[in-house]
Amino acid sequence: MAEGRIIYNPSKFVMDMFYRKMNAESRNELKDKKFEAIGLFQTTVSGVLYYADRAYKTSNVYPVEISGSCPQHITTLAFFGDTSAVETAMKMVINEEQQKKNRFI
């Protein structure tokens, strides 16, 4: 199960929600920055790690794992950045998911 969404021009209220759901290191890195967009992608733990690396290398985004209620099976990856970088990262993720690229099973 994979699902993706983009939030454009996130409000302070939504950013506060994100900060509560991320680790302290990421929170400190992002707290004083403003972002045009945030891409959200829900996937498996292995998918989060793989796509965080791919997105970071292919677009100018800061990937962060967002803590949820089911971290053993499904988790959410957020891409913080400008609109074009987030859209690039999300297109790459969705494209690879649809093609089932780089999977061993």
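- In this structure, Tyr56 has no side chain to side chain donor-acceptor pair (under 3.5 Å) partners at least two apart in sequence or on a different chain.
- Partners of Thr58 according to the side chain to side chain donor-acceptor pair (under 3.5 Å) rule, which considers only residues two or more places apart in sequence or in another chain, do not exist here.
- At distances below 3.5 Å, at least one donor-acceptor pair connects side-chain atoms of Arg27 with backbone N or O atoms of Met22.
- Side-chain atoms of Lys33 and Tyr62, non-hydrogen and from C-beta on, never get closer than 4.5 Å to each other.
- Counting only residues at least two apart or on different chains, no salt bridge (charged side-chain N to carboxylate O under 4.0 Å, His left out) pair has a member in residues 81-91.
- Among residues two or more places apart in sequence or in another chain, the side chain to side chain donor-acceptor pair (under 3.5 Å) test is passed with Asp16 by Lys12.
- For the pair Thr75 and Glu65, the minimum side-chain heavy-atom distance is below 4.5 Å.
- Under the rule for a side chain to side chain donor-acceptor pair (under 3.5 Å), Asn28 has no partner lying at least two apart in sequence or in another chain.
- Heavy atoms from other residues, nucleotides or ligands lying under 6.0 Å from NZ of Lys57 number 12 at most.
- The side-chain heavy atoms of Met15 and Ile38, taken from C-beta on, include a pair separated by under 4.5 Å.
- Applying the ring-ring contact (aromatic ring centres under 6.0 Å, His included) test to residues at least two apart or on different chains, the pairs with a partner in residues 3-31 are Phe18-Phe80.
- A heavy-atom distance below 4.5 Å is found between the side chains of Leu40 and Ile7.
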